[in-house]
Amino acid sequence: MAARYGAGRGIAAAVREAEGLTGGIAAAVREAEGLTVVMPRAEADGLGLSYDFVGAWVTLQVHSSLEAVGLTAAVSAALTDAGISCNVLAGLHHDHLLVPVAGAERALEVLRKLAADSGRIRPAAGLVLRSERPADRPAILALTAAAFAVSPVAGLPAEGEPEEVELVRGLWDCGEYLPGFSIVAELDGEIVGHVISTRGRVGELELLGLGPIGVLPRLQRHGVGSALMQETVARADAAGESGIALLGDPAYYARFGFVTAASRGVEPPDPAWGGYFQLLPLAAWPGGVSGTFSYAGPFTGR
Ligand SMILES: CC(C)(COP(=O)(O)OP(=O)(O)OC[C@H]1O[C@@H](n2cnc3c(N)ncnc32)[C@H](O)[C@@H]1OP(=O)(O)O)[C@@H](O)C(=O)NCCC(=O)NCCS
């Protein structure tokens with residue numbers, strides 16, 4: 001993500017009571033109480049309009065279809081952390097920020113740092129993340145077979161169909177299947193990644209059990225897996241889920257905030273998994289949890 005300071009129209013003013021204006025409007029919001037417009041300050045001054053907010057206009061050079069992976073939320077959070085208020089305007093092609101003029105340079109510093117930090121996990125441009133549809137299933141199975149053709153555990157080619165393919169089939173058919181948590185990543189109409197999370201439990205506490213997650217081998221390391229992880233986390237938080245458990249390499253999942261599950265009182269179904277069994281406690285995490293995690297039936301052949 002890159003931030004550009006829109007030099008030509010860098011200073012905008014929010015003008016109220018603007019009925020009848022035609023030219024120079026960069027954004028407008030119509031409410032029952034009246035019309036608010038954002039326009040270049042010089043133009044507002046030229047028209048003799050009064051205004052109560054003067055801000056710097058910052059354009060985020062990220063296609064707005066990536067909104068789904070939570071970039072706007074990340075930008076807002078980073079600016080809020082830095083004590084800078086911002087007003088987000090979502091256009092078809094880009095998101096734009098109005099920040100107080102006094103905080104503009106600092107806002108750009110914050111955005112540059114955010115861009116540098118997230119560059120490693122920047123999703124491929126044009127990536128669409130959405131819930132799976134019935135017609136996607138053959139492509140999901142094919143990509144799962146390709147992603148797991150070499151076992152991530154053993155590092156050896158799978159013999160025959162990788163077991164994750166049958167696992168995904170089983171998860172679709174089991175009682176713990178959650179349609180909103182079977183998410184595909186689509187690029188130019190092709191399903192290039194998939195992640196599924198199903199209902200898991202620690203005693204009475206409901207959690208999500210994430211996996212398998214797979215990305216087409218030719219597109220691995222382009223941020224698709226990260227985008228699927230971030231989408232899962234965003235959906236889980238929005239749905240009030242308490243946490244997400246998974247088995248995987250901490251070197252990968254720590255970047256999304258996962259910690260050793262046992263450190264939060266959640267023991268792996270197989271003690272041998274040790275630190276590879278990880279947990280992301282979400283906003284609704286209750287604390288004081290103690291017990292062993294149980295996955296959806298198909299993970300244990302039930
Ligand atoms: C694991 C997987 C889903 C990650 O998706 P991806 O799109 O390739 O990953 P991203 O591009 O978002 O992230 C790439 C980063 O993750 C790291 N990474 C990827 N897989 C990793 C793994 N298994 N362990 C540790 N790090 C891993 C890469 O080294 C890279 O790190 P870097 O940016 O520091 O170089 C994908 O590589 C895949 O399908 N692998 C085969 C199937 C698999 O192993 N699934 C997970 C089983 S737990």
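Order of appearance sets the numbers: ligands from 1, and atoms from 1 within every ligand.
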Quiz item: Angle class for the Phe256/Tyr252 ring planes (parallel below 30°, perpendicular above 60°, tilted otherwise)?
Solution: perpendicular
Quiz item: Is Met229 in contact with ligand 1, taking contact as a heavy-atom separation below 4.0 Å?
Solution: no
Self-check item: Electrostatic pair Glu164:Arg169 at N-O distance under 4.0 angstrom
Solution: no
Quiz item: For ligand 1, is any non-hydrogen atom under 4.0 Å from His222's backbone (N, CA, C, O), its side chain (CB onward), both, or neither?
Solution: backbone
Exercise. Decide yes or no for Phe293 and Leu207: does some side-chain heavy atom of the first lie under 4.5 Å from some side-chain heavy atom of the second?
Key: yes
Quiz item: Is there a side-chain contact between Gln230 and Arg235 (heavy atoms, below 4.5 Å)?
Solution: no
Quiz prompt | Tyr177-Phe181 aromatic ring centre distance below 6.0 Å | solution = no
Quiz item: If we only count N/O pairs under 3.5 Å, is Tyr253 in contact with ligand 1?
Solution: no
Quiz item: Can you find an N or O of Phe148 that's nearer than 3.5 Å to an N or O of ligand 1?
Solution: no
Quiz item: Hey, is Leu228 one of the residues with a heavy atom under 4.0 angstrom from ligand 1?
Solution: no
Quiz item: Is it the side chain, the backbone, both or neither of Ser226 that has a heavy atom closer than 4.0 Å to ligand 1?
Solution: both
Practice problem: Classify the contact between Gln278 and ligand 1 as side chain, backbone, both or neither, using a heavy-atom distance cut-off of under 4.0 Å. | Solution: neither
Quiz item: Within the structure, does Gly223 bring an N/O atom to less than 3.5 angstrom of an N/O atom in ligand 1?
Solution: yes
Quiz prompt | Contact partition for Val215 relative to ligand 1, non-hydrogen atoms under 4.0 Å | solution = both
Exercise. Output the list of atoms in ligand 1 that are nearer than 4.0 Å to some heavy atom of Gly225, sorted by atom number.
Key: 5 (O), 6 (P), 7 (O), 12 (O)
Exercise. Enumerate the atoms of ligand 1 whose separation from the nearest heavy atom of Ala147 is less than 4.0 angstrom.
Key: 39 (O), 41 (C), 42 (C)
Quiz prompt | Residue pair Tyr51 / Arg41, side-chain donor-acceptor N/O under 3.5 Å | solution = yes
Self-check item: Proximal atoms of ligand 1 relative to Gly214 (non-hydrogen, under 4.0 Å)
Solution: 39 (O)
Quiz item: For Pro269 and Thr292, which heavy atoms make the closest approach, and how far apart are they?
Solution: CA-CG2, 3.9 Å
Self-check item: Side chain to side chain, Val38 and Phe53, heavy atoms closer than 4.5 Å
Solution: no
Quiz item: Backbone, side chain, both or neither: what part of Leu246 comes under 4.0 angstrom of ligand 1, heavy atoms only?
Solution: neither
Practice problem: Provide the number and element of each atom of ligand 1 under 4.0 Å from a heavy atom of Asp249. | Solution: 24 (N), 25 (C)
Quiz item: Quick one: does Val99's side chain get under 4.5 Å of Ser85's, heavy atoms only?
Solution: no
Quiz item: Between the side chains of Glu132 and Ser182, is a donor N or O closer than 3.5 angstrom to an acceptor N or O?
Solution: yes
Exercise. Run the numbers for me: atoms of ligand 1, each under 4.0 Å from some heavy atom of Leu247, listed by number.
Key: 48 (S)
